[in-house]
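One structure is given below, encoded as structure tokens.
As the structure is a computational prediction, the values presented were derived from the model and not from experiment. Below, chains carry the letters A, B, ... as their sequence lines are ordered, and counting in each starts from 1.
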Number of protein chains: 2
Amino acid sequence: MGLLDRAALTCILTLSLGWFHVFALKSQLFSRFGERSTPSETPISYETFYFDQKIDHFGFLEDGTFKQRYLVSDKHWHQSGGPILFYTGNEGDITWFCNNTGFMWEIAEELGAMLVFAEHRYYGESLPFGQESYSDSKHLNYLTSEQALADFAVLIQNMKNMVPGAQNSPVIAVGGSYGGMLAAWFRMKYPSVVVGALASSAPIWQFPGMVPCGAFYKIVTQDFAKSGHNCDANIRKSWKAINNISSTASGLQWLSEVFSLCTSLKNKADAAAFKAWLQETWVNLAMVDYPYEANFLEPLPRWPIQVVCKYLSFDSPVSDYQLLHGVSQAAKVYYNYTGSTSCLNISQTATGSLGALGWFYQACTEMVMPMCTDGVQDMFEADEWNFQAFSDECSAMFGVRPRAEWAGTVYGGKDIASHSNIIFSNGGLDPWSSGGVTVNISASVVSILIPDGAHHLDLRYRNDKDPPSVRAARALELQYFREWIKQAKKVN
Amino acid sequence: MGLLDRAALTCILTLSLGWFHVFALKSQLFSRFGERSTPSETPISYETFYFDQKIDHFGFLEDGTFKQRYLVSDKHWHQSGGPILFYTGNEGDITWFCNNTGFMWEIAEELGAMLVFAEHRYYGESLPFGQESYSDSKHLNYLTSEQALADFAVLIQNMKNMVPGAQNSPVIAVGGSYGGMLAAWFRMKYPSVVVGALASSAPIWQFPGMVPCGAFYKIVTQDFAKSGHNCDANIRKSWKAINNISSTASGLQWLSEVFSLCTSLKNKADAAAFKAWLQETWVNLAMVDYPYEANFLEPLPRWPIQVVCKYLSFDSPVSDYQLLHGVSQAAKVYYNYTGSTSCLNISQTATGSLGALGWFYQACTEMVMPMCTDGVQDMFEADEWNFQAFSDECSAMFGVRPRAEWAGTVYGGKDIASHSNIIFSNGGLDPWSSGGVTVNISASVVSILIPDGAHHLDLRYRNDKDPPSVRAARALELQYFREWIKQAKKVN
């Protein structure tokens with residue numbers, strides 16, 4: 001902590017966090033030929049390829065290339081013009097996205113579709129300068145969404161030229177979270193390459209001047225408010241309790257023990273980091289508040305916030321110690337549901353893996369997403385959005401400064417009505433829906449709301465406990481896919 | 001010559017040539033406040049501004065800015081939401097485009113429009129690194145169409161934020177030739193910034209694999225064929241005659257004298273340069289075959305090719321000397337219509353001014369436009385398109401290599417049907433119509449043909465001798481403008 005503005009860092013982290021925890025583990029499970037099968041899910045089997053991609057699409061001085069990884073499954077593909085579902089990889093290892101986008105695997109057969117999962121440059125194995133990629137701002141200079149979209153476009157054009165039968169295959173972009181933003185932007189910027197896009201939980205409006213900076217944390221708070229009696233109120237009270245207790249050395253020690261922290265809190269800065277970590281914990285829970293037991297960010301029970309809130313339902317005033325004891329039990333639902341965690345590490349989510357560092361850089365350049373809290377409409381300590389402080393921290397960390405207006409200019413901001421064939425799906429429980437497109441823009445730029453859904457629930461595997469809203473969403477998405485494919489056939 | 005493949009260089013030159021001849025002269029005529037008026041034309045009066053533009057929109061390492069010049073006329077502007085006609089500057093001094101786009105000046109009052117002419121980076125006064133801008137490939141690295149479009153978008157967003165009343169002004173992009181390509185691409189890539197585009201004589205399909213490489217020179221040939229008896233046939237014969245005569249020293253001397261060349265031809269290389277220069281002359285004539293006396297590339301009579309062809313109507317076989325004497329008289333129509341030219345300089349069009357050099361660089365990177373001749377369907381010596389040779393010459397000249405497929409990928413190639421509100425106007429006499437959009441693509445991506453028109457005749461001032469086709473084209477263009485403005489008002 002400390003390098004980036006706390007609120008900003010939290011915001012950065014929440015978007016990227018989900019992907020990075022389990023990379024180290026997951027990425028070892030797949031070699032050149034991936035294979036996966038669990039009893040209840042469609043088996044996954046793909047081949048891994050590498051494409052020589054230009055390091056710089058927008059300048060000609062740097063003419064070098066790097067190996068972009070992409071995964072292909074053509075088991076169900078109808079070679080004579082069957083569609084291609086193309087996952088626009090986001091900030092992490094592509095095998096992780098591949099394994100967490102069951103929706104694509106489940107509809108491949110009925111669409112006769114090829115599946116392609118393309119890795120985003122600077123993540124996973126797709127490192128433009130190998131181990132040097134993150135060494136300094138010079139090497140990081142080609143980490144932008146525009147370069148990533150150009151990678152996708154060039155890769156698809158190449159596949160169409162090289163893969164027999166692919167020439168007339170309509171391509172549909174699919175992505176979730178930042179990958180969903182990329183899917184939508186891909187259709188906007190390269191409509192000749194993709195006939196449509198499913199942008200799931202894609203906060204394309206989470207940029208300066210587009211939505212109130214407090215909307216995100218307000219949704220997190222609502223999730224807790226409706227999941228248990230007094231749940232949000234008690235979390236709101238917890239920050240002051242932490243401040244009180246952490247003001248003494250013995251209090252810090254007590255906190256460290258009751259939360260089973262791996263490293264004891266020593267001072268005020270540690271206490272601040274501890275609070276940020278807790279805040280992120282609540283945010284993550286809001287993102288993965290799924291209706292069934294799942295292991296996305298962490299192994300969790302079904303409707304995890306309801307379980308968490310059982311420990312936070314104090315009715316009458318309780319002591320700081322009682323309150324925080326409840327908070328610690330709540331946090332352990334998230335970090336130790338399986339009971340196998342020996343201690344909680346508050347720096348684990350705060351220090352970046354390679355992937356998190358990449359997203360920090362993106363947040364410090366293009367992906368400027370203002371976030372703020374007021375402690376009234378949300379359950380967090382008040383914290384204003386301070387662009388200048390954020391910019392200064394980016395400059396200190398990476399030697400670059402964010403450009404607050406650029407994303408809005410290049411991607412059209414709220415004025416996207418002239419585009420076509422984009423589905424924006426959003427979960428009502430997902431805090432990222434704050435920056436999502438939650439109204440129909442036109443007949444073909446449409447919004448699908450999943451009131452009971454958390455972060456891109458629709459992209460996950462079907463589950464018996466799925467609420468009707470997500471089943472309906474997937475059915476509607478599939479219907480749009482069919483329509484786009486039909487449109488494309490008419491043109492060809 | 002010699003640095004670039006001849007056919008390629010010719011192709012490069014023909015697009016850029018028009019603009020650069022007269023820059024040195026013209027650009028001195030205007031200072032901060034431009035002023036111009038001729039009896040028959042709408043008076044021009046504008047104010048010059050400079051905007052701090054990022055040198056690199058697509059990377060954050062280079063955070064410097066440069067002064068982008070733009071010209072503004074708000075004399076007729078209705079401040080409460082009146083439209084803005086925005087000229088997307090092409091490869092040259094913006095004052096030159098400003099003065100040669102009479103159409104915008106003539107419709108400003110009836111539309112209540114502000115006029116803005118934005119200079120393209122690396123041309124005119126808009127030099128990212130001042131005098132160093134062209135010093136090497138490192139400094140040239142930010143000379144791309146994508147950067148130029150981003151400049152336009154950022155400039156407009158800034159004007160909307162800063163100019164009282166401009167916030168709700170619908171902006172229409174207008175451009176001719178490469179500027180027309182930029183206008184069309186601007187609408188495609190930034191539809192939130194411009195509500196529509198008039199792309200006049202914009203060869204957006206003159207890229208690899210989109211149109212036959214010989215189409216351009218075929219149109220040049222047709223222009224000569226229909227402008228005089230045997231005109232194309234005699235030009236077709238002239239190359240062999242030049243080869244014959246230039247094979248001896250005395251023949252070279254004779255050629256130099258009869259063409260009144262400033263510098264005598266000395267050897268085979270000079271003879272080759274001489275032929276390329278003649279070829280460019282015929283191309284230029286085809287581009288500016290206007291129905292009235294005009295001074296665009298050179299001072300010329302009305303329908304100049306008809307005048308040229310009077311000297312090339314030999315019926316029966318004539319000697320090489322007779323034939324080339326006719327060719328020399330024809331060439332002098334182009335270079336010495338006023339009678340004030342003391343000698344013809346064959347290197348003048350071949351060596352680049354700053355502006356020409358910029359276009360060479362663009363052709364050597366993104367703007368790869370294959371051209372070829374076969375001597376049968378056209379009146380030129382056969383010359384195949386050789387990408388590898390072209391690439392090698394670019395590498396030797398600039399240290400960069402062209403990317404043949406990139407323009408097609410980034411701008412959608414022939415698949416542009418998903419866009420809206422773009423007019424592609426093309427003149428039937430204009431060789432660049434070979435790469436233009438000459439069919440309606442959809443209800444709102446439309447083609448306007450001007451059978452009697454040469455290169456972007458519709459953008460020029462009205463003239464009594466204008467053929468009905470160009471009058472109709474301008475009326476229709478205006479009608480589309482009104483429709484787009486009405487659409488935009490509905491949204492706001």
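Contact of K54(B) with chain A is made through the side chain alone, with heavy-atom distances under 4.5 Å. With a 4.5 Å cut-off on non-hydrogen atoms, Y361(B) touches chain A through its side chain but not through its backbone. Heavy-atom distances place the side chain of H419(B), and not its backbone, under 4.5 Å from chain A. If you measure heavy-atom distances from E366(B) to chain A, the contacts under 4.5 Å come from both the backbone and the side chain. Heavy-atom distances place the side chain of T144(B), and not its backbone, under 4.5 Å from chain A.
Geometric assessment of R401(A) against the ring of F60(B) yields a negative cation-pi assignment under the 6.0 Å and 45° thresholds.
Proximity to chain B at a heavy-atom threshold of 4.5 Å picks out A153(A), V154(A), Q157(A) from residues 153-164 of chain A, in numerical order.
Of all the listed residues (G408(B), P402(B), G399(B), G412(B)), the one sharing the greatest number of non-hydrogen pairs under 4.5 Å with chain A is G412(B). Between chain A and the options K189(B), M188(B), E62(B), heavy-atom pairs under 4.5 Å are most frequent for K189(B).
In this structure, F58(A) and W406(B) have perpendicular ring planes: the angle between them is above 60°, well past the 30° mark.
Nearest heavy-atom pair across S418(A) and R187(B) is CB-NH2, 3.8 Å. Here the shortest heavy-atom pairing between L61(A) and S137(B) reads CD1-OG, 3.3 Å.
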